[in-house]
2 protein chains.
Amino acid sequence: MENKTARFEKLLVKNGLKRTAPRLQVLEILSGRDSATSQPYLEQVMGKDADRVTLYRVLQAFEEKGIIHKVLDQQGTANYAICSDGCSAHEHHDEHVHFNCDNCHKIYCLDTVKIPALKVPAGFKVEHLNLIATGLCASCSDKVN
Amino acid sequence: MENKTARFEKLLVKNGLKRTAPRLQVLEILSGRDSATSQPYLEQVMGKDADRVTLYRVLQAFEEKGIIHKVLDQQGTANYAICSDGCSAHEHHDEHVHFNCDNCHKIYCLDTVKIPALKVPAGFKVEHLNLIATGLCASCSDKVN
DNA sequence: ATGTTAATGCAATTATGTTGCAAATATAAC
DNA sequence: GTTATATTTGCAACATAATTGCATTAACAT
Ligand SMILES: [Mn+2]
Ligand SMILES: [Mn+2]
Ligand SMILES: [Zn+2]
Ligand SMILES: [Zn+2]
């Protein structure tokens with residue numbers, strides 16, 4: 001298997017972004033987690049490796065290029081996850097369901113669960129759908145039992 | 001038809017809340033709008049009639065009692081709408097779809113559109129579903145044509 | 001009318017996000 | 001390798017949003 005860092009560097013170059021330390025670090029962190037990652041968490045982990053403003057700009061650039069997608073949790077906090085595939089600067093394809101655990105507060109991308117089509121009142125034109133389920137994640141409902 | 005203010009006063013009493021000016025004003029404003037109302041808008045309309053902190057606390061109390069429900073728009077801003085019925089301090093029944101217009105940014109409660117049940121991976125226990133559609137609302141897609 | 005408790009307003013604090021600009025650095029051209 | 005260029009970063013200042021503690025006020029039960 002190919003080196004992970006090398007893959008990330010290619011990803012940056014492909015999107016016309018320079019391979020800088022903060023960008024690679026964000027990709028490393030996000031890829032090492034099993035759930036979407038909040039901006040505050042990233043900020044904490046990166047510490048003084050990168051300025052807070054830089055982090056905001058890195059995330060914004062990644063989102064615009066279709067490298068990551070943003071999910072707002074029930075408190076309105078932004079969480080980020082690497083896009084699985086096929087996303088580009090022009091279009092995101094992340095219309096899967098997100099699951100926000102009430103206990104551990106993690107946000108899982110349920111890539112396999114698609115959002116069902118919807119019948120809306122006359123006149124409304126649906127562009128995108130965004131479905132967040134809340135409850136207990138698999139790991140937390142285990143612990144409860 | 002019964003006086004609107006009288007109805008609101010009953011609503012407050014029923015929920016063990018004193019009938020104060022800021023609370024009645026918030027109910028008046030929310031009930032006079034066809035879409036969910038953002039905190040900043042409420043703050044602006046109420047002006048110096050009520051302190052900003054009071055507004056936060058009124059909204060929080062109403063939400064806890066099941067008088068209003070909160071909808072986060074795509075920017076994570078909180079918007080509020082009066083609950084249609086059956087909501088209480090212990091449980092909200094607002095699992096209808098919300099529509100966030102990309103043009104006018106209004107958020108409509110599509111009370112008639114229920115969120116379809118969902119099949120999630122084993123272990124996950126869904127408690128609530130939250131579906132926001134984005135696109136053009138009826139009024140805005142009229143104007144475009 | 002009075003007392004009790006809930007609710008408000010104000011000040012201070014904390015958190016969150018944005019902007020402008022100069023310094024640093026990745027990359028391409030030489 | 002050196003140099004030129006455009007991008008990216010870090011810092012400071014600013015702006016906005018939300019929270020907390022506490023003294024004052026007002027609702028309402030008696
Ligand atoms: Mn996702
Ligand atoms: Mn609603
Ligand atoms: Zn969990
Ligand atoms: Zn609209």
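Letters A, B, ... are given to chains in the order of the sequence lines, protein chains preceding strands, and every chain is numbered from 1. The shown structure was predicted, so the numbers you read here are calculated from the model rather than taken from an experiment.
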Quick one: which residue pairs count as a salt bridge (charged side-chain N to carboxylate O under 4.0 Å, His left out) with a foot in residues 15-29 of chain A, not counting sequence neighbours? A:K4-A:E28, A:E9-A:R19
For residues B:L30 and B:Y80, report the shortest heavy-atom separation together with the two atoms involved. CD2-O, 3.7 Å
Search all heavy atoms of A:C83 against all heavy atoms of A:I68 and return the closest pair with its distance. SG-C, 3.4 Å
Name the first nucleotide and the last nucleotide along DNA chain C (5' to 3') that come under 4.0 Å of a heavy atom in chain A. C:dT16 to C:dT27
Which residues satisfy the ring pair (Phe, Tyr, Trp, His ring centres under 6.0 Å) test with A:Y108, sequence neighbours excluded? B:F124
Under the ring pair (Phe, Tyr, Trp, His ring centres under 6.0 Å) definition, can you give me all pairs with a residue in residues 30-63 of chain B, not counting sequence neighbours? none
With sequence neighbours left out, the residues meeting side chain to side chain donor-acceptor pair (under 3.5 Å) with B:H105 are none
Mind jotting down which residue pairs meet the salt bridge (charged side-chain N to carboxylate O under 4.0 Å, His left out) criterion with at least one end in residues 37-54 of chain B? Sequence neighbours excluded, please. B:E43-B:R52
When clusters are formed from ILVMFWY side-chain contacts under 4.5 Å, directly or step by step, what else is grouped with B:I107? B:V71, B:I132
Identify the residue among A:T54, A:L27, A:L55 that makes a side-chain contact (heavy atoms from CB on, under 4.5 Å) with A:P22. A:T54
Could you run through nucleotides 13-20 of chain D and give me one letter per nucleotide, 5' to 3': B if any protein heavy atom sits under 4.0 Å from the base, S if only the sugar-phosphate is that close, - if neither? ----SBBB
Please list residues of residues 12-32 of chain A whose heavy atoms come under 4.0 Å from any atom in DNA chain C, ordered by number; otherwise none. A:K18, A:R19
Looking for any heavy atom pair under 4.0 Å, which part of the strands does B:A50 touch: base, sugar-phosphate only, or nothing? sugar-phosphate
Check step by step if side chain to side chain contact (heavy atoms under 4.5 Å, CB included) holds for B:N15 and B:I67. CA-CA 9 Å; B:N15 285 284; B:I67 296 173; 3.6 Å; yes
Five-pair end axes of the helix from C:dA1-D:dT30 to C:dC30-D:dG1, angle between them (10°): 30°
Any donor and acceptor pair, going by atom type alone, linking the side chain of A:T134 with main-chain N or O of B:E127 inside 3.5 Å? no
For residues 64-82 of chain B, the salt bridge (charged side-chain N to carboxylate O under 4.0 Å, His left out) pairs (sequence neighbours left out) are none
Atom of B:C101, atom of B:C140 and distance for their closest heavy-atom approach: SG-SG, 3.8 Å
Length of the CG-P vector between B:D49 and D:dA26, whole Å: 15 Å
